[in-house]
Amino acid sequence: MKNSKVTYIAIIGFSILLLLICSLLFTCNKRLAESQLFAAQKVSENARLIEFVNNLIPSSLRVNEAIIDKNVTLYNLSGTELSLTQLNIERPIIIFSYTILQCDVCIDAIIESLKKVEHVIGKNRIAILASYEKKREAALFLSNHNIAIPFYLINFQNLLNVQIDDPFLFVLDRDNIARYIFVPHEGFTEITKIYFKEVLMSFFGIAEDRFENAWN
C-alpha cells in the first residue's frame with residue numbers, strides 16, 4: 001500500500017512537471033511565433049520603405065535642375081584658365097563639386113563612389129570641380145586619394161544659379177543644364193548608390209547588373 005502511494009505521488013509529480021514543461025514550451029513557441037511574425041512584418045515594412053525610396057529618388061531627381069553660368073571660370077593645377085565650353089569632354093558628364101571647407105568625410109565617401117563609377121563609364125565622363133585656397137592643397141588631396149578623374153579648381157559661388165552649401169553632384173548635359181542635382185549624406189550611403197544607379201542607367205545606358213557588379 002505504501003509503495004502504491006509513493007507511485008501515485010510520483011505519477012502526480014511527473015504529470016505536474018510534464019504540464020509545466022508543456023506550458024513552458026507552448027509559451028516559448030508562442031513567443032517565437034510572435035517574434036517571427038514581428039520580424040516578418042519588419043522585413044515587409046523595410047521592403048516597402050526601400051521600394052518607396054527607390055521610386056521617390058528618381059522621381060525627385062528628374063525635376064532637379066539648374067542653369068550653369070556659361071562664363072564660369074575653371075583652372076587646372078598648372079594655373080591655365082578654362083571655361084566649361086573649352087573642356088574637351090563628351091556630354092553628358094557627372095560633376096562633383098565641393099569646397100575644402102565642407103564635410104571632408106562626405107567628400108572622401110563620394111570620391112570612393114566616383115572611382116567605382118569610373119570603372120563603368122571611364123574617367124573622362126566625370127569631372128571634379130573644387131574650391132581650394134592653395135593649389136598645393138588640391139594637388140596633395142589628389143595624390144593622397146590616388147585620383148585620376150579630371151580635376152579643376154573653381155570659385156564655388158559662381159557655378160549654379162542656386163546656392164548649395166554642401167558637396168553636391170549633378171549631370172551636365174549638352175545644353176549646359178545641370179540635371180539630377182544631388183546632395184549626398186555620409187549616413188545614407190544606400191541613397192547615394194541609388195542616385196548613381198539612376199544616373200548611369202538614365203544618361204549612360206548602363207545595365208543594372210553591370211552597375212551592381214562595379215559597385216559591389
Side-chain angles (χ1 to χ4, degrees), residues 57-58 61-62 64-66 68-70 72-78 80 82-100 102-132 135 137-156 159-160 164 166-186 189-208 210-216:
I57 292 175
L61 289 171
R62 291 184 189 112
N64 246 0
E65 61 181 50
I68 292 283
D69 182 353
K70 293 183 180 179
V72 64
T73 303
L74 313 176
Y75 301 89
N76 60 26
L77 291 182
S78 300
T80 304
L82 302 163
S83 69
L84 275 175
T85 54
Q86 288 177 307
L87 294 182
N88 184 25
I89 54 177
E90 184 180 351
R91 310 287 178 89
I93 182 171
I94 298 172
I95 290 183
F96 176 45
S97 188
Y98 69 90
T99 79
I100 190 176
Q102 292 170 341
C103 169
D104 54 350
V105 176
C106 307
I107 293 167
D108 290 348
I110 293 302
I111 292 296
E112 293 308 307
S113 295
L114 287 174
K115 288 179 180 179
K116 296 177 182 178
V117 173
E118 178 189 353
H119 288 305
V120 181
I121 60 175
K123 67 179 182 180
N124 292 322
R125 304 301 296 275
I126 308 169
I128 300 171
L129 309 183
S131 176
Y132 282 82
K135 285 188 292 185
E137 293 175 337
L140 184 61
F141 179 83
L142 290 175
S143 175
N144 289 343
H145 289 75
N146 194 26
I147 297 172
I149 297 167
F151 183 96
Y152 303 93
L153 298 172
I154 187 173
N155 178 355
F156 185 75
L159 182 57
L160 302 180
I164 302 176
D166 297 288
F168 65 97
L169 292 147
F170 64 91
V171 178
L172 183 64
D173 69 8
R174 293 176 177 82
D175 299 319
N176 254 22
I177 303 293
R179 303 191 185 278
Y180 280 41
I181 302 167
F182 174 68
V183 178
H185 190 283
E186 60 173 303
T189 55
E190 189 63 27
I191 294 179
T192 301
K193 177 184 175 182
I194 295 170
Y195 171 79
F196 279 117
K197 181 168 71 172
E198 177 67 16
V199 165
L200 265 61
M201 291 175 66
S202 299
F203 288 90
F204 299 90
I206 303 300
E208 185 174 357
R210 185 181 171 195
F211 170 83
E212 292 290 347
N213 289 335
W215 194 268
N216 297 324

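Just so it is clear, the structure is predicted and the values come from calculations on it, not from any experiment. Just so it is clear, the values below take in all heavy atoms, side chains as well, and ignore hydrogens, waters and symmetry mates.
Note: Ile95 CD1 to Ile154 CD1 = 8.0 Å, rounded to the nearest 0.5 Å. Rounded to the nearest 0.5 angstrom, Leu114 CG and Lys123 NZ are separated by 14.0 Å. To the nearest 0.5 Å, the span separating CZ on Arg210 from CD1 on Ile121 amounts to 9.5 Å. The NZ atom of Lys135 sits 15.0 Å away from the CG atom of Leu140 when rounded to the nearest 0.5 Å. Considering OH of Tyr132 and OG1 of Thr99, their distance stands at 9.0 Å, rounded to 0.5 Å. The distance from the CG atom of Leu172 to the OG atom of Ser97 is 11.5 Å, given to the nearest 0.5 Å.
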Test side chain to side chain contact (heavy atoms under 4.5 Å, CB included) on Ile107 and Ile100 and set out the steps.
CA-CA 9 Å; Ile107 293 167; Ile100 190 176; over 6 Å; no

Could you please spell out the steps behind the side chain to side chain contact (heavy atoms under 4.5 Å, CB included) verdict for Thr80 and Tyr75?
CA-CA 5 Å; Thr80 304; Tyr75 301 89; over 6 Å; no

When you look at Phe182 and Ile191, which way does the side chain to side chain contact (heavy atoms under 4.5 Å, CB included) test go after all the steps?
CA-CA 10 Å; Phe182 174 68; Ile191 294 179; 4.0 Å; yes

Test side chain to side chain contact (heavy atoms under 4.5 Å, CB included) on Ile94 and Val117 and set out the steps.
CA-CA 10 Å; Ile94 298 172; Val117 173; 3.9 Å; yes

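At a threshold of 4.5 Å between non-hydrogen side-chain atoms, the residues Leu169 and Ile110 count as touching. Proximity of Ile111 to Ile128: side-chain heavy atoms (C-beta onward) are separated by under 4.5 Å at one or more points.
In summary, Lys115 and Glu112 engage in a salt bridge, as defined by a charged side-chain N under 4.0 Å from a carboxylate O. Salt bridge Lys193/Glu212: present, at least one basic N to carboxylate O contact under 4.0 Å.
Ring orientation note: the planes of Tyr98 and Phe141 are tilted relative to one another, at an angle of 30° to 60°. Classified by interplanar angle (parallel below 30°, tilted 30° to 60°, perpendicular above 60°), the ring pair Phe196/Trp215 is tilted.
In this structure, the side chain of Arg125 engages the main chain of Pro92 through a donor-acceptor pair within 3.5 Å. In this structure, the side chain of Tyr180 does not engage the main chain of Phe203 through any donor-acceptor pair within 3.5 Å. In terms of modelled atom types and a separation under 3.5 Å, the side chain of Asp175 and the main chain of Ile177 share no donor-acceptor contact.
Nearest approach of Cys103 to Pro167, heavy atoms of both residues: O-CG, 4.5 Å. The minimum heavy-atom distance between Phe211 and Leu200, with the atom names listed, is CD1-CD2, 3.9 Å. For the residue pair Phe168 and Ile181, the shortest heavy atom distance occurs at CD1-CG2, 4.3 Å. Scanning both residues, Thr192 and Pro184, for their nearest heavy atoms gives OG1-CB, 3.8 Å.
Taking the six-membered ring for Trp, Phe96 and Phe170 have ring centres at least 6.0 Å apart.
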